Student: 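The structure is given below, and queries will be raised subsequently.
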There are 2 protein chains.
Amino acid sequence: MQDKSKKEVIMDCAAKLFRKKGYKGTSMRDIAQEVGVEAASLYNHIQNKQQLLRESLMIIAHLFTKGMEDVNNTSLSDIAKFEELIRLHVRLSVKHTDKISIITSEWVHLNEPALSEYLQLRTAYEEKFKHIIKACIQDGSFKQVNTDIALFSTLSTLHWLYSWYSKNRDISPVELEYQMIHCLMDGLRIRA
Amino acid sequence: MQDKSKKEVIMDCAAKLFRKKGYKGTSMRDIAQEVGVEAASLYNHIQNKQQLLRESLMIIAHLFTKGMEDVNNTSLSDIAKFEELIRLHVRLSVKHTDKISIITSEWVHLNEPALSEYLQLRTAYEEKFKHIIKACIQDGSFKQVNTDIALFSTLSTLHWLYSWYSKNRDISPVELEYQMIHCLMDGLRIRA
DNA sequence: GTCTATAAGTCGATAGAC
DNA sequence: GTCTATCGACTTATAGAC
């Protein structure tokens with residue numbers, strides 16, 4: 001495996017600190033200390049602090065967008081697509097834990113025009129997710145639920161996977177995928 | 001209804017801004033502008049910025065703790081207690097939308113000893129919630145799910161109610177309670 | 001109780017030596 | 001490419017006039 005470039009090291013350290021203390025709560029001096037250099041040295045590899053937030057966020061946003069496209073390009077049934085999206089979230093949460101936390105809570109600190117670009121990607125993603133839920137209702141595999149609430153409830157759980165997974169690393173990703181699908185699709189109660 | 005004290009006005013303005021821009025992203029000048037005074041004037045009513053975060057957060061934490069006690073002091077069945085907790089979250093999210101957002105994402109900026117005090121309350125709350133889920137499994141009303149995942153999934157959805165409710169104020173709180181209970185307990189799929 | 005003025009510190013970012 | 005030194009803006013909070 002190729003060594004990380006210095007920029008990648010900086011991006012990873014920044015994501016780790018943004019997660020722990022937030023974007024505004026993390027100084028360039030904090031990031032420099034984590035990397036092991038002085039703050040001024042960071043600017044030989046990056047333009048500014050905002051770039052660290054923007055690039056981490058956009059990398060993840062495009063991974064979700066690409067994942068959604070891949071799922072929609074299959075000939076799977078709608079309910080199988082729904083399951084595949086849950087697996088996508090689990091996979092990305094396990095692999096990019098720190099950066100995922102940024103997309104969940106630090107996107108508000110994005111400057112324009114990156115903010116609008118990000119929100120457009122997110123809205124498009126959510127609309128496609130909702131479309132699949134609606135299709136599941138129409139083909140009779142899902143109940144006649146309020147689709148907005150179903151979407152919100154599903155995404156809330158998936159957005160916070162990263163925080164839960166950090167504290168429970170003993171469960172395997174495959175087992176986690178199975179449990180999440182079961183929990184979200186079938187609920188808790190025995191007799192519905 | 002009694003008029004709000006100046007301190008309450010400041011607390012509400014601060015909560016609103018903390019929600020929008022985060023604790024670290026909100027300056028005392030921002031809060032002062034929202035209140036309609038100069039920044040220095042705030043200090044006649046409050047001690048410091050940290051107090052604004054701490055008090056808002058503790059008010060909500062104690063409302064949840066009190067709500068959990070009330071539920072556990074009833075003679076309801078365990079599954080009815082679970083439903084009652086969902087109603088508690090919906091009720092508090094609707095009534096204290098801004099302050100709830102702080103407890104979800106800004107608690108990391110609490111200084112000690114308030115941070116430890118808050119985490120202790122939160123852990124105790126989660127343990128009691130988990131205990132009710134376990135009781136529901138034991139009495140046969142819930143499936144044999146992973147209780148940690150069931151707890152996490154339920155709380156994630158409930159924690160983000162406030163953000164969803166802000167954008168969908170057309171649904172009534174009572175209808176929202178019903179939909180949330182149905183969604184979390186019965187899932188989406190028709191045949192489990 | 002509100003204001004102006006300001007202290008004392010931290011922030012992101014740059015200049016220039018090496 | 002890293003460092004030291006520093007700029008200018010912004011931060012929380014206080015002092016003291018009114």
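Predicted, not measured: the structure shown is a model, and the values here were computed from it. So you know, we letter chains A, B, ... as the sequences are listed, proteins then strands, and number each from 1.
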Student: Looking at A:Asp30 and A:Ser27, would you say the former's side chain and the latter's main chain have a donor-acceptor pair under 3.5 Å?
Tutor: yes

Student: Nearest to the side chain of B:Ser27, heavy atoms from C-beta on, is which of C:dC3, D:dA5, D:dT11?
Tutor: D:dT11

Student: Where the side chain of B:Ala40 is defined as all heavy atoms beyond and including C-beta, which of D:dT14, C:dA15, C:dG1 is the nearest nucleotide?
Tutor: D:dT14

Student: Select from A:Tyr43 and B:Arg29 the residue whose nearest nucleotide in DNA chain C is closer to the 5' end of that strand.
Tutor: B:Arg29

Student: Could you state the NZ-P distance from B:Lys49 to D:dT12, rounded to the nearest angstrom?
Tutor: 4 Å

Student: In whole angstrom, give the distance that lies between atom CD of B:Glu38 and atom C1' of D:dT12.
Tutor: 15 Å

Student: Is the cationic atom of B:Arg54 (NZ for Lys, CZ for Arg) positioned less than 6.0 Å from the six-membered ring centroid of B:Trp107 and within 45 degrees of its normal?
Tutor: no

Student: To the nearest angstrom, how far is A:Asp30 atom CG from C:dG12 atom P?
Tutor: 8 Å

Student: B:Ile31 CD1 to D:dA13 P: how many Å, rounded?
Tutor: 10 Å

Student: In this structure, how many angstroms lie between the P atom of C:dC11 and the CD atom of A:Gln33, rounded?
Tutor: 11 Å

Student: Which residue is it: A:Lys49, A:Glu55, A:Gln47? I am looking for the one with a side chain to side chain donor-acceptor pair (under 3.5 Å) to A:Gln51.
Tutor: A:Glu55

Student: Of all the nucleotides listed (D:dC3, C:dG12, D:dA15), which has the minimum atom distance to the side chain of A:Ser41?
Tutor: D:dC3

Student: How long is the line joining CD1 of A:Ile10 and P of C:dA13, in whole Å?
Tutor: 13 Å

Student: Of the options A:Phe82, A:Phe64, A:Trp160, which is the one that meets A:His89 in a ring pair (Phe, Tyr, Trp, His ring centres under 6.0 Å)?
Tutor: A:Phe64

Student: Round to a whole Å and report the spacing from CE of B:Met28 to P of D:dC10.
Tutor: 18 Å

Student: May I have the distance from A:Leu42 (atom CG) to C:dG12 (atom P), rounded to whole angstrom?
Tutor: 10 Å

